[in-house]
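Counting starts at 1 for both ligands and their atoms, following the listed order. No experiment lies behind these values; they were computed from the predicted model shown.
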Amino acid sequence: MYNIELEQALEVALKSVRAIEDTEKIPLEDSLGRILGEDFYAPMDNPPFNRSPLDGFAIRSKDTTMASEDNPIAFKVIDKAYAGIPSNKTLGSFQAIRIMTGGKMPLEADCVIRLEDCIENGNNMVLKKSLQPFENYCYKGEDIKSDTLLIEKGTKLSAIHLGVLGSMGQSSVKVIKRPKIGILVTGDEIIEYSSPLIDGKIYDTNGILLGSRLKELGFDYIKIDTEKDDPQSVAESILKNIDNLDILITTGGVSVGDKDIFHEVVKIINANQLFWKLKLKPGTPAMYSILRDKPILSLSGNPFASLVTFELIARPLLEKISRDSSVKTIRTKAKIMEDFNKTSKNRRFIRCIYEDGKVKLPKGGHSSGMLLTMKDCNAFVDIEAGNTGLRKFDEVEVVIL
Ligand SMILES: Nc1nc2c(c(=O)[nH]1)N[C@H]1C(S)=C(S)[C@@H](COP(=O)(O)OP(=O)(O)OC[C@H]3O[C@@H](n4cnc5c(N)ncnc54)[C@H](O)[C@@H]3O)O[C@H]1N2
Ligand code: MOO
């Protein structure tokens, strides 16, 4: 397909990828932010036993029925029960076991009188009020009942989820394998950061930019060695790496110039090109192909263009592949707080600062080769094709990153 709408491109691309099924067991403490690979059912009750929510005395409520200010009742203290150190005694009538918060309720005890509400006197405890059955009593399984579904497959694990899994004694967790994402930067002009700048050359922006965006979104990435604009060596690099990846993102070489090698690369590797060129700016010449069932998303070399198409296309793809719905961008309406005096023949995405339903534009250049003015931005304004300029207070559509 050639020169298509973003939505059509997304439909085609999303249809061509599958969510990762493979799972792995990893230590609980490494699982924050990972996607749960199976429904997790409680293997036990929590708390695992009836326990005291207070520091006090465990007693039988029926022994307190007659207690009042005028009729204090004495109990014999026969043992102690601390959190982690239960008493194995069974309460008899008018007996009490001194119990601390978290201590296992002794057999026959059905309530707890708090320390402040009774008087201790040697081996005796005296109370002046009656208690209801199960007053000040924490039930076994009152937080979590054994065999209930606690966390569904596909959930992104948060600190709370890890707390729940920890309380269930899980030292390891079955999670969906992370997507293996490759980044391949191409261009004769790109030189190593450690090399002095030579006339006509530039340092790489896109590799570190997109790789770091992936990290910000919670992914790892594999940086493949930068390739020159040589179709054969780019093809070899792709063929060498593709089997080890779930998706490959490339930048550069997708337009129509002499050195825009990707048209040739796709032929050499025998990939199935699903689309080339989008009806939007920047990032128009984006290309998408499938090789051995693996998607290759080839983005424009201009850094801002690569970023825009990364956010618009790579993110939904990664959301599906990784099953991580938090990767989604959010669309909303906002009021633009200044004019944008440019006619947009094509649909256009411009960088902006979104806050509280309002949108501001950064000072300085907006072109697709300029990245710096993006540094304070957190969103794009999505301007429809044919727009003749935006006026202050116009309602605009915003994509929040
Ligand atoms: N005759 C035409 N020329 C161009 C068209 C067109 O339709 N007809 N489209 C323009 C548009 S729009 C874009 S976007 C660019 C896209 O070009 P490519 O995707 O092929 O990318 P390159 O030509 O390789 O690079 C473009 C630009 O970006 C710089 N670059 C490349 N890689 C990096 C990198 N890793 N870090 C920083 N900068 C990078 C590169 O040096 C170029 O300046 O084509 C237009 N031309
Ligand atoms: O599509 Mo290009 O990124 O407009 O410069």
Parallel, tilted or perpendicular, as decided by the 30° and 60° cut-offs, for the rings of Trp276 and Tyr2:
tilted

Please verify the inter-ring angle class for Phe94 with Phe75; under 30° counts as parallel, over 60° as perpendicular, anything in between as tilted.
tilted

N or O pair under 3.5 Å between Lys281 and ligand 2
yes

Please check whether Pro282 reaches ligand 2 - meaning an N/O of the residue sits under 3.5 Å from an N/O of the ligand, judged on distance alone.
no

With heavy atoms of Ala305 as the reference, note each atom of ligand 2 found under 4.0 Å away.
3 (O)

Show the atoms of ligand 2 that are less than 4.0 angstrom away from any heavy atom in Thr284.
1 (O)

Just do the side-chain contact (heavy atoms from CB on, under 4.5 Å) check on Ile191 and Leu197 with the steps written out, would you?
CA-CA 8 Å; Ile191 56 166; Leu197 202 58; 3.8 Å; yes

Just jot down the ligand 1 atoms closer than 4.0 angstrom to any heavy atom of [X], in number order.
X	value
Pro303	37 (C), 38 (N)
Pro285	14 (S), 16 (C)
Val185	35 (N)
Asp204	34 (C), 35 (N), 36 (N)
Ser300	14 (S), 16 (C), 19 (O)

Gly301 versus ligand 1: do any nitrogen or oxygen atoms come within less than 3.5 Å of each other?
yes

Backbone or side chain, does any N or O of Ser368 fall under 3.5 Å from an N or O of ligand 1?
no

Please state which part of [X] comes within less than 4.0 Å of ligand 1, counting heavy atoms only: side chain, backbone, both or neither.
X	answer
Pro282	neither
Lys281	side chain
Asp260	side chain
Val256	side chain
Val254	both
Ile190	side chain

Please confirm whether Gly253 approaches ligand 1 to less than 4.0 Å, judged on its heavy atoms.
yes

Gly187 heavy atom under 4.0 Å from ligand 1:
no

Geometric cation-pi criterion, Arg213 with Phe310: 6.0 Å, 45°
no

Keeping the roles fixed (side chain from [X], backbone from [Y]), state whether a donor-acceptor pair exists under 3.5 Å.
X	Y	answer
Ser344	Arg347	no
Lys392	Lys335	no
Thr284	Lys281	no

Checking contacts here: is it the side chain or the backbone of Asn302 that comes within 4.0 Å of ligand 2, counting heavy atoms only? Could be both or neither.
side chain

Could you tell me whether Ser368 approaches ligand 2 through its side chain, its backbone, both or neither, with non-hydrogen atoms closer than 4.0 Å?
side chain

Only one of Ile247, Ile242, Asn272 clears side chain to side chain contact (heavy atoms under 4.5 Å, CB included) with Ile296; which?
Ile242

Quick one: salt bridge (charged side-chain N to carboxylate O under 4.0 Å, His left out) partners of Asp339, sequence neighbours excluded?
Arg391

Shortest protein contact, [atom] (heavy atom only):
atom	answer
atom 41 (O) of ligand 1	Glu189 OE2, 2.6 Å
atom 46 (N) of ligand 1	Ser255 OG, 3.7 Å
atom 2 (Mo) of ligand 2	Gly283 N, 3.6 Å

Decide whether the shortest distance between a heavy atom of Pro285 and an atom of ligand 2 is less than 4.0 Å.
yes

For Tyr137 and Asp110, test the side chains for any donor-to-acceptor distance below 3.5 angstrom and give the result as yes or no.
no

When you compare the side chains of Ser146 and Asp45, does any donor N or O come within less than 3.5 Å of an acceptor on the partner?
no

Glu24 and salt bridge (charged side-chain N to carboxylate O under 4.0 Å, His left out): which partner among Arg34, Arg178, Lys174, Lys177?
Arg34

Which option out of [options] puts a heavy atom nearest to [atom]?
atom	options	result
atom 34 (C) of ligand 1	Thr284, Asn346, Asn206	Asn206
atom 36 (N) of ligand 1	Asn302, Asp229, Thr205	Thr205
atom 38 (N) of ligand 1	Ile202, Leu210, Ile261, Ile183	Ile202

For Glu397, all residues meeting side chain to side chain contact (heavy atoms under 4.5 Å, CB included), sequence neighbours excluded
Arg331, Lys333, Asp382

Let me see the working for Leu214 and Ile183 under side-chain contact (heavy atoms from CB on, under 4.5 Å), right down to the final yes or no.
CA-CA 10 Å; Leu214 286 168; Ile183 294 191; 3.7 Å; yes

Any salt bridge between Glu355 and Lys360, counting N to O under 4.0 Å?
no

Side chain to side chain donor-acceptor pair (under 3.5 Å) with Thr250: which of Ser289, Ser237, Ser298?
Ser298

